[in-house]
Amino acid sequence: MNWKKLPKEKRNHLVLVIVVSLAVVIALGYGLVRTQYEELSAIHRRRDATESKLQQMQDAVKKRNQIAADLAKAEETLALQEEQMITGDPQSWFFTTVRRFNKPAYRINNPTFSTTLPGDVNMLAKFPYKQVTITVGGAGFYHDIGKFVADFENEFQHIRLLNFELWNLSEQVPGEKERLNFKIDLVALVKPSN
């Protein structure tokens with residue numbers, strides 16, 4: 001079909017039909033197709049959000065096993081720590097523990113003891129254990145006392161050593177220049193009776 005051979009009225013009708021057709025196609029594109037694309041993108045966003053939530057849930061399920069394993073390990077560690085805590089008579093437990101620990105290599109002479117009754121833990125609020133404080137005193141050379149204290153802290157990590165005092169023994173006993181008296185408070189937790 002030759003555009004120039006068409007009469008002017010038919011050309012105008014043809015142009016009008018093309019313009020109206022394009023307008024209808026554009027209107028359909030914006031009216032129907034665009035809303036379909038928007039709905040499709042909303043579906044994709046919801047799918048992505050659901051997949052993200054599913055991934056979070058799967059991670060939580062995976063972590064559940066790790067958390068349960070960590071809890072079991074913590075309970076085992078707590079049980080081991082509770083085995084080292086005071087059981088029975090606190091004074092007897094301290095006497096036995098300190099005397100057994102005081103090996104001749106430390107050269108600490110005649111440790112003396114004074115205890116208090118079990119009471120609430122004063123270091124932490126609402127702590128489920130009771131505590132007992134015992135004051136241990138004795139005499140020895142500076143490096144022997146230091147070795148005794150360091151080894152005791154390493155051996156009994158659940159016992160805190162507080163209020164450490166040293167004084168010269170030569171003031172009381174002549175001829176004992178290098179020997180020192182010491183006094184230290186040992187604070188230990190009492191294993192709860194189940």
Is there side-chain contact between Val149 and Phe182, with at least one heavy-atom pair below 4.5 Å? no

Quick one: are Lys147 and Asp144 in side-chain contact, heavy atoms under 4.5 Å? no

Whether over 12 other heavy atoms sit under 6.0 Å from Phe164 CZ: yes

To the nearest 0.5 Å, how far apart are [atom1] in [X] and [atom2] in [Y]?
X	Y	atom1	atom2	answer
Gln36	Glu38	CD	CD	10.0 Å
Phe148	Glu153	CZ	CD	10.5 Å
Arg47	Ser41	CZ	OG	11.5 Å

Looking at every non-hydrogen atom in both residues, tell me the closest pair between [X] and [Y] and how far apart they are.
X	Y	answer
Gly140	Ile145	O-CD1, 3.5 Å
Leu180	Asn168	CD2-CA, 3.9 Å
Ile159	Ala188	CG1-CB, 3.8 Å

Candidate pair Lys183 and Thr135, rule side-chain contact (heavy atoms from CB on, under 4.5 Å), full reasoning: CA-CA 7 Å; Lys183 183 173 80 171; Thr135 302; 3.3 Å; yes

Are Ile26 and Val17 connected in a single hydrophobic cluster, I mean Ile/Leu/Val/Met/Phe/Trp/Tyr linked by side-chain heavy atoms less than 4.5 Å apart? no

State yes or no: do Val25 and Tyr37 share one hydrophobic cluster built from I, L, V, M, F, W and Y residues joined by side-chain heavy-atom distances below 4.5 Å, directly or via other members? no

State which residue, out of Asn163, Leu161, Val136, fulfils the side chain to side chain contact (heavy atoms under 4.5 Å, CB included) condition with Asp185. Asn163

Show me the donor-acceptor pairs, under 3.5 Å and distance only, between side chains in residues 51-76 and residues at least two apart or in other chains.
| residue | atom | partner | partner atom | Å |
| --- | --- | --- | --- | --- |
| Gln55 | NE2 | Asp59 | OD1 | 3.1 |
| Gln66 | NE2 | Asp70 | OD1 | 2.9 |

